[in-house]
> 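Structure below; questions to follow.
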Amino acid sequence: MKNYQTARGTQDILPKDTRKWNQVEDVIKQICHVYGYDEIRTPIFEDTSVFKRENDSSDMVNKEMYSFSMNQKDSLTLRPEGTAGVVRSFVQNKNYANADLPYKVFYKGEMFRYERPQKGRYRQFNQFGVENIGVKSPYIDAECIALGYSVVKSMGLNCVKVLINTLGDAQSRIDYREVLVEYFKEHLDGLCGDCQRRFVQNPLRLLDCKVDKESEIMKNAPSLQDSLSVESKQYFDQVLQALDNLQIPYEIDDRLVRGLDYYTDTVFEVVSTHSETGSQSAVFAGGRYDGLVEYFGGPQMSGVGFAMGLERLLLLAQAEGIQLDEDDSFDVYVMGLGEVNDVPFNLATMCRSAGYKTEFNPTTRSLKAQFKTVDRKNCKAVIIVGESELANNQVNIKFIETQKQICVDIDKIVEVLDAQFEEKEHGHEHGEKCECGSCNKEND
RNA sequence: GCGGUCGUGGUGAAGUUGGUUAACACACUAGGUUGUGGUCCUAGCAUUGCGCGGGUUCGAGUCCCGUCGAUCGCCCCA
């Protein structure tokens, strides 16, 4: 028998969880709004060349992309990240010419990477990210970090720290790469297998190797700082000053190099310090890119941005014990007893038209059972449609919190609800008596 | 892509050197209360079924192989 299940590395987000997602998305929208970033929605798949750029050595681009072709000619790819699509769009729509710069957008949505799944790492996952294109300024780098930091903080996360570094401008980076290659060429034999591979594919990444971290070869490696131009050094200092200004704590990590090849100057990574995080500790990360706009055919313009892993954000929130459940209670629950036909259904419709979140029960389960459902659904008021009251065009209404039950005319039901819910809002109570003559079980 | 651990109902889980009826608890359903819940009591609740498919055996949830999935570390990255 075949088992139907989600494909590896993908998951259903069930109703109980979408409430959390909505909350995260509300925080994101609110903060982006305050910072003046508007939402952009680019396609989930693009021409492969958008993501796979010449000379890009990252694994993400070379080994982890879901690429496909429908006609043997074109190659399309499910987006593995957000920045490339946004920059492509920026150039395609000539936003560099007719918009006020910087161009400030945020995106959120599914990304796809063919990796071995782990906790906090999925093949389909959600990222929120921002891009600020067109103006190069240390203040903007700092603003970008501040925005992401603000989202994380607004979610209630405490165990995070900002790591920051500079890669220098494009030339510094190229120079340094040469220096590194020159140095490691002599010491290849002393490095671990992964590093030997990195040496060929992406020499910069040699720096954050965990195995060789403590080795003499690594410690004596030429520092990136020495290849930095005066301008880049100065620029970095200004970014740090701006962060001081914002009172955002950070740690300079001169071994921090990002995986994507397009970064220049500022790079940063915000990681969780919580113990249960496992190996996937980065919450959001990004940096400045000087060459991308030009690469896509635009003018020489710089940009900066970050991407945040939303599943990870949620995971960390959970690890830190942050409650994200929204109120899922119902206002009204309508239940029927015996032969009451479509009265409960009609009552539910009336309540809904009046704006009350209403559930009704179309079955003939016992009252006891239905009240259990009421408890589970956390309903505030229950309308009980019984045959004897219905003879007088009346129904019982019970308010759960006060345990008060009254019998009212059907066409007064919304009035009674309005009165009760308004009372609650204003926080006081006045003893209402049952006005029904035929009803002998008033308040119990 | 590499190495390790794991996979029993709606949930948390027992399951002894392979041995006959897959514990226990929670949740759920029904009844005790001929029309009112959150306590209590009683009963029911894993299509001969233990992720799926093969194999060994008189006999497998327990052993072997394959496969799918989860998870941990590496790689990579958000």
Side-chain angles (χ1 to χ4, degrees), chain A residues 1-11 57-65 80-83 108-129 148 152 192-195 197-198 201-202 205 208-211 257-260 268-272 276-287 305-316 333 335-340 363-379 382-390 395-398 400-401 403-405 439-441 444:
Chain A
M1 176 70 176
K2 179 169 168 59
N3 253 345
Y4 290 97
Q5 56 184 313
T6 51
R8 187 169 207 197
T10 68
Q11 56 192 330
S57 58
S58 69
D59 277 8
M60 184 190 94
V61 164
N62 290 293
K63 305 199 304 207
E64 300 174 354
M65 298 206 301
E81 54 121 352
T83 303
K108 74 187 154 47
E110 296 76 12
M111 305 294 161
F112 305 84
R113 257 123 96 157
Y114 186 77
E115 296 180 277
R116 183 100 168 236
Q118 256 175 55
K119 186 191 280 186
R121 183 169 92 178
Y122 309 97
R123 290 182 170 180
Q124 175 181 331
F125 60 102
N126 282 271
Q127 278 189 341
F128 148 63
V152 169
C192 72
D194 281 324
C195 281
R197 186 179 54 77
R198 288 188 188 101
Q201 294 183 343
N202 197 346
R205 294 215 60 110
D208 61 357
C209 176
K210 294 183 183 85
V211 180
V257 288
R258 312 269 27 262
L260 273 10
F268 55 88
E269 195 168 302
V270 176
V271 300
S272 169
E276 289 173 37
T277 310
S279 60
Q280 315 299 321
S281 62
V283 195
F284 75 92
F306 69 76
M308 184 179 292
L310 263 25
E311 282 82 358
R312 288 185 187 178
L313 184 68
L314 250 14
L315 220 53
L316 294 178
Y333 188 94
M335 56 176 74
L337 276 165
E339 293 298 311
V340 293
T363 71
T364 54
R365 298 172 71 211
S366 70
L367 270 198
K368 174 176 175 166
Q370 295 192 59
F371 264 98
K372 276 189 177 173
T373 306
V374 167
D375 284 335
R376 239 176 284 136
K377 296 234 177 213
N378 194 12
C379 294
V382 180
I383 297 173
I384 306 139
V385 183
E387 283 169 317
S388 53
E389 294 88 342
L390 204 52
V395 293
N396 284 308
I397 180 162
K398 178 171 184 172
I400 299 304
E401 197 183 328
Q403 295 277 64
K404 193 169 62 180
Q405 177 167 317
C439 174
N440 52 1
K441 39 173 135 83
D444 64 313

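Order of the sequence lines fixes the chain letters, A, B, ..., with proteins taken first and strands second; residue numbering starts at 1 for each chain.
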> Respond yes when some side-chain nitrogen or oxygen of A/Arg121 is under 4.0 Å from OP1 or OP2 of B/U71, and no when none is.
no
> Would one find a side-chain N or O of A/Arg116 under 4.0 angstrom from OP1 or OP2 of B/U71?
no
> Between A/Arg205 and B/C77, is there a contact of a side-chain N or O with OP1 or OP2 at under 4.0 Å?
yes
> Touch check for A/Gly129, heavy atoms < 4.0 angstrom, all strands: base, sugar-phosphate only, or nothing?
nothing
> Using both distances under 3.5 Å as the test, list the Watson-Crick or G-U wobble partner of B/A70, or none.
B/U5
> Answer with base, sugar-phosphate or nothing: what part of the nucleic acid does A/Val382 contact at a heavy-atom distance below 4.0 Å?
nothing
> Does A/Glu269 have any salt bridge (charged side-chain N to carboxylate O under 4.0 Å, His left out) partners at least two apart in sequence or in another chain, and if so, which?
A/Arg258
> Looking at B/C76, I'd like to know if its phosphate oxygens (OP1 or OP2) sit under 4.0 Å from a side-chain N or O belonging to A/Arg113.
no
> Which part of the nucleic acid, if any, lies within reach of A/Lys372 when heavy atoms closer than 4.0 Å are counted: base, sugar-phosphate only, or nothing?
sugar-phosphate
> By the 4.0 Å heavy-atom rule, please label A/Tyr333 as base, sugar-phosphate, or nothing.
nothing
> Under 4.0 Å between any heavy atoms, over every strand shown, what does A/Leu310 touch: base, sugar-phosphate, or nothing? Just pick one.
nothing
> Of all residues at least two apart in sequence or in a different chain, which pass the salt bridge (charged side-chain N to carboxylate O under 4.0 Å, His left out) check with A/Lys368?
none
> Pick base, sugar-phosphate or nothing for A/Glu64, based on heavy-atom distances below 4.0 Å to the nucleic acid.
sugar-phosphate
> If the cut-off is 4.0 Å, is A/Arg198 near the phosphate of B/C75, judged by side-chain N/O to OP1 or OP2?
yes
> What's A/Gly9 touching, base or sugar-phosphate or nothing? Going by heavy atoms closer than 4.0 Å.
sugar-phosphate
> Mind checking if A/Ser58 touches a base, just sugar-phosphate, or nothing, with heavy atoms under 4.0 Å?
sugar-phosphate
> Please tell me if the side chains of A/Arg113 and A/Glu81 come closer than 4.5 Å, counting only heavy atoms from C-beta onward.
yes
> So what does A/Glu81 hit on the nucleic acid, given a heavy-atom distance under 4.0 Å: a base, only sugar-phosphate, or nothing?
nothing
> Reckon A/Phe306 touches a base, only the sugar-phosphate, or nothing at all at heavy-atom distances under 4.0 Å?
nothing
